[in-house]
Asker: 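Structure provided below as structure tokens; questions to follow.
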Amino acid sequence: MDKTIFITGATSGFGRAAARRFAAAGWALALTGRRTERLQALREELAPLVPVHIATLDVRDAEAVKSVVENLPEAFRDLHVLLNNAGLALAPHPAQDVALEDWHTMIDTNVTGLVNVTHALLPALIATGRGASIINIGSVAGEWPYPVGHVYGATKAFVRQFSYNLRCDLVGTGVRVTDIAPGMAETEFTLVRTKGNQAASDRLYRGAEPLTAEDIAEQIFYVATLPAHININRLEVMPTRQVWSGFAVDRDEN
Ligand code: NDP
Ligand code: 8X3
């Protein structure tokens, strides 16, 4: 065991499943998220297997991000993978009915938070060089427009383009960059999006065989452990039973 992954949003969904997947392969874990009790529970679960460092962190706070990175214990500084996973969707309503605050929260988390963490950890990743990876969790919503996607989809389009642009600047450093873009996956995502509506979340996933957090963790692990000369630029993954929809047309009657 000689590799370390730094995960944002390790308290739930893809981030937590990724922590378990990498721990099973012997990687050391630096785990962050806002919910301290969940981080502690995960450390209790995984510390018997691998070294685990936890830090309570809101990625929107650039100073806090800097401080968490500066205070990484020595054993976790030799970083191989940054998993930029923390994120959320809010306000599943048409744009004209959304509170501005919800748009700001998505931008602050999915865009500003992701660049805060990337900026703070780039030196460590470049120091590792060949074989290191930045894995950003985008979304199908960043590529394909859909009703009520508004700012959420736009933040994920940012993730895609930022990933591509990072690749250009990091050429020659050996650091890889991948945008993993999942489709519908059953996590706490819809519970957060609907501000706690468990019935709405259950309704969305029922009978559709959505992706699981473990499915995406497996893709993350695959991307991170490919030979160092291979860079997956973007990996879009959907459930077999989810596809695109057609154009909508506003038509006069008769
Ligand atoms: P979950 O809600 O289960 O997990 C989201 C994670 O993000 C939590 O660990 C949460 O931790 C963390 N998070 C949210 N806001 C912040 C913040 N300000 N600072 C730090 N951490 C934060 O959802 P998923 O696992 O599904 O989502 C993970 C990523 O995958 C997101 O970027 C999401 O947009 C993306 N995605 C999800 C899809 C899906 O269908 N589920 C599909 C495509 C992409 P805490 O609350 O403890 O801070
Ligand atoms: C989350 C997947 O289909 O709700 O990014 O946009 S979807």
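Bear in mind that the values here come from a model prediction, so they are computed numbers and not experimental data. Atoms within a ligand are numbered from 1 in the order they appear, just like the ligands themselves.
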Asker: Angle class for the Phe221/Trp27 ring planes (parallel below 30°, perpendicular above 60°, tilted otherwise)?
Answerer: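 Plane angle over 60°, so perpendicular.
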Asker: Pick out which of Leu42, Asn85, Thr187 makes a side-chain contact (heavy atoms from CB on, under 4.5 Å) with Arg16.
Answerer: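 Filter result, single survivor: Leu42.
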Asker: Does the pair Asp169 and Asn165 meet the rule for a side-chain contact (heavy atoms from CB on, under 4.5 Å), with working shown?
Answerer: CA-CA 7 Å; Asp169 290 345; Asn165 287 343; 5.8 Å; no
Asker: Just to verify, which of Asn110, Asp108, Thr109 counts as forming a side-chain hydrogen bond (donor to acceptor under 3.5 Å, both in side chains) with Thr155?
Answerer: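 For Thr155, the side-chain hydrogen bond (donor to acceptor under 3.5 Å, both in side chains) test succeeds with only one of Asn110, Asp108, Thr109, which is Asn110.
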Asker: Can you confirm whether the side chains of Asn136 and Asp179 place a donor and an acceptor under 3.5 Å from each other?
Answerer: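 No, no side-chain donor-acceptor contact under 3.5 Å.
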Asker: Show me a pair-per-line table, with atom names and distances to 0.1 Å, of protein N or O atoms that are under 3.5 Å from an N or O of ligand 2.
Answerer:
| residue | atom | partner | partner atom | Å |
| --- | --- | --- | --- | --- |
| ligand 2 | 4 (O) | Tyr146 | OH | 3.4 |
| ligand 2 | 4 (O) | Arg193 | NH1 | 3.1 |
| ligand 2 | 5 (O) | Ser139 | OG | 2.5 |
| ligand 2 | 5 (O) | Tyr152 | OH | 2.6 |
| ligand 2 | 6 (O) | Tyr146 | OH | 2.5 |

Asker: Please list all pairs meeting ring-ring contact (aromatic ring centres under 6.0 Å, His included) that have one or both residues in residues 222-254, counting only residues at least two apart or in different chains.
Answerer: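 Every pair satisfying ring-ring contact (aromatic ring centres under 6.0 Å, His included) with a residue in residues 222-254: Trp144-Trp244.
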Asker: Please list, by chain and number, the protein residues whose heavy atoms come under 4.0 Å of ligand 1.
Answerer: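 For ligand 1, the residues that come within the 4.0 Å heavy-atom cutoff are Gly9, Ala10, Thr11, Ser12, Gly13, Phe14, Gly33, Arg34, Arg35, Leu57, Asp58, Val59, Arg60, Asn85, Ala86, Gly87, Thr109, Ile137, Gly138, Ser139, Tyr152, Lys156, Pro182, Gly183, Met184, Ala185, Thr187, Glu188, Phe189, Val192.
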Asker: Under a 4.0 Å N-O cut-off, is there an ion pair linking Arg34 with Asp61?
Answerer: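 Looking at Asp61 together with Arg34, the answer is no, because their closest N to O distance does not fall below 4.0 Å.
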Asker: Strictly below 4.0 Å, N to O, side chains only: are Glu236 and Arg234 in salt-bridge contact?
Answerer: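 Yes, Glu236 and Arg234 are salt-bridged.
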Asker: I need the full list of ring-ring contact (aromatic ring centres under 6.0 Å, His included) pairs touching residues 89-139, with sequence neighbours left out, sorted by first then second residue.
Answerer: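 Non-adjacent pairs meeting ring-ring contact (aromatic ring centres under 6.0 Å, His included): Trp103-His150.
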